[in-house]
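When reading the values below, keep in mind they use all heavy atoms of this one structure, side chains included, and skip hydrogens, waters and symmetry mates.
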Amino acid sequence: NAGVTQTPKFQVLKTGQSMTLQCAQDMNHNSMYWYRQDPGMGLRLIYYSASEGTTDKGEVPNGYNVSRLNKREFSLRLESAAPSQTSVYFCASRKGRENPILSYEQYFGPGTRLTVT
Amino acid sequence: QKEVEQDPGPLSVPEGAIVSLNCTYSNSAFQYFMWYRQYSRKGPELLMYTYSSGNKEDGRFTAQVDKSSKYISLFIRDSQPSDSATYLCAMSPISSGSARQLTFGSGTQLTVLP
């Protein structure tokens, strides 16, 4: 059971280049999330997918697009990278157990460190 | 003003000390409170989970929620060098849609010195 996996681990882009960050989970979770983490800013939600076939904007969606490819996979695309998108990107998924008190728990991947020059 | 405020530290303590980590929040609708631990260059992992007010204990860790003051705490007893990490608080109101979004604090960096 690998949990949440992310590729690549590291990436350097030039301004204006595009790339896709990949995320997959093998826990049969319904909801998936993309966050970015910057010093002093904590984790900020970029986009999320409540269930297969749906996606919604989070707090900081500008400059990003997402695709929920199937139940397992949720990708994040930067169409034209900018230096302000230099960050660590985390993908997460949510268990959604029957017990509503436990259904908020999110499991995180190891992150992708992206530098845009 | 951020919805969730957390002192970024860094906090440095000797091994065996009691550590207190705190977050304040402004949204009175928050009901679910979590603490995540994040080791350097790793993803966050859930440490403690509490609902509404009160205390919860798990080994050396105790989570407290004071909803009247909009203040949550994480206490670590007999701290170990392996506790050195960044600790993030996270919270959510009941039924924030089907996605159950979390609002995170910015994290407190803790170092426990041997």
Side-chain angles (χ1 to χ4, degrees), chain A residues 2-6 9-10 23 25 29-61 66 68 74 88-97 99-113, chain B residues 1-10 21 23-25 27 29-54 56 58 63 65 85-109:
Chain A
V4 179
T5 56
Q6 292 183 237
K9 285 187 169 53
F10 303 93
C23 173
Q25 51 91 9
H29 289 177
N30 287 316
S31 297
M32 297 184 74
Y33 309 79
W34 276 106
Y35 293 90
R36 59 178 289 173
Q37 187 175 38
D38 303 291
M41 301 295 291
L43 286 160
R44 293 183 292 168
L45 184 64
I46 304 171
Y47 269 93
Y48 64 94
S49 171
S51 60
E52 187 178 357
T54 69
T55 60
D56 283 288
K57 295 178 181 179
E59 180 186 354
V60 289
V66 291
R68 183 74 182 266
F74 188 37
V88 182
Y89 291 86
F90 288 101
C91 177
S93 67
R94 185 172 66 86
K95 274 191 172 185
R97 300 186 198 183
N99 183 338
I101 293 178
L102 296 175
S103 67
Y104 288 75
E105 183 177 349
Q106 292 185 20
Y107 289 81
F108 284 81
T112 294
R113 292 183 171 271
Chain B
Q1 185 190 1
K2 294 181 186 177
E3 272 192 302
V4 179
E5 298 280 358
Q6 185 174 7
D7 187 339
L21 304 167
C23 287
T24 59
Y25 62 95
N27 188 345
F30 286 147
Q31 293 277 8
Y32 296 95
F33 304 93
M34 291 161 234
W35 286 95
Y36 280 81
R37 178 174 61 194
Q38 184 177 20
Y39 290 115
S40 181
R41 295 183 174 265
K42 301 289 186 184
E45 56 179 347
L46 185 66
L47 190 60
M48 298 282 286
Y49 192 127
T50 55
Y51 170 67
S52 194
S53 286
K56 184 175 181 179
D58 184 1
V65 175
T86 296
Y87 290 80
L88 299 145
C89 61
M91 45 198 82
S92 178
I94 293 177
S95 298
S96 59
S98 56
R100 305 284 171 94
Q101 295 179 46
L102 298 177
T103 302
F104 285 86
S106 56
T108 299
Q109 185 180 342

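Near-neighbour residues of residues 37-44 of chain A relative to chain B, defined by a heavy atom under 4.5 Å from a heavy atom of that chain, comprise A:Gln37, A:Gly40, A:Met41, A:Gly42, A:Leu43.
Of the atoms belonging to B:Pro8, not a single heavy atom falls under 4.5 Å from chain A. Within the 4.5 angstrom heavy-atom criterion, no atom of B:Gln31 approaches chain A.
B:Tyr49 and A:Glu105 get closest at one heavy-atom pair: CE1-N, 4.0 Å. Between A:Phe108 and B:Pro44, the closest heavy-atom pair is CB-O, 3.4 Å. Nearest heavy atom pair, residue A:Phe10 against residue B:Arg41, reads CE2-NH1, 4.0 Å.
In this view, B:Tyr25 and B:Phe30, B:Phe33 satisfy the ring-ring contact (aromatic ring centres under 6.0 Å, His included) rule, not counting sequence neighbours.
Atom NZ of B:Lys2 is surrounded by more than 12 heavy atoms from other residues, nucleotides or ligands within 6.0 Å.
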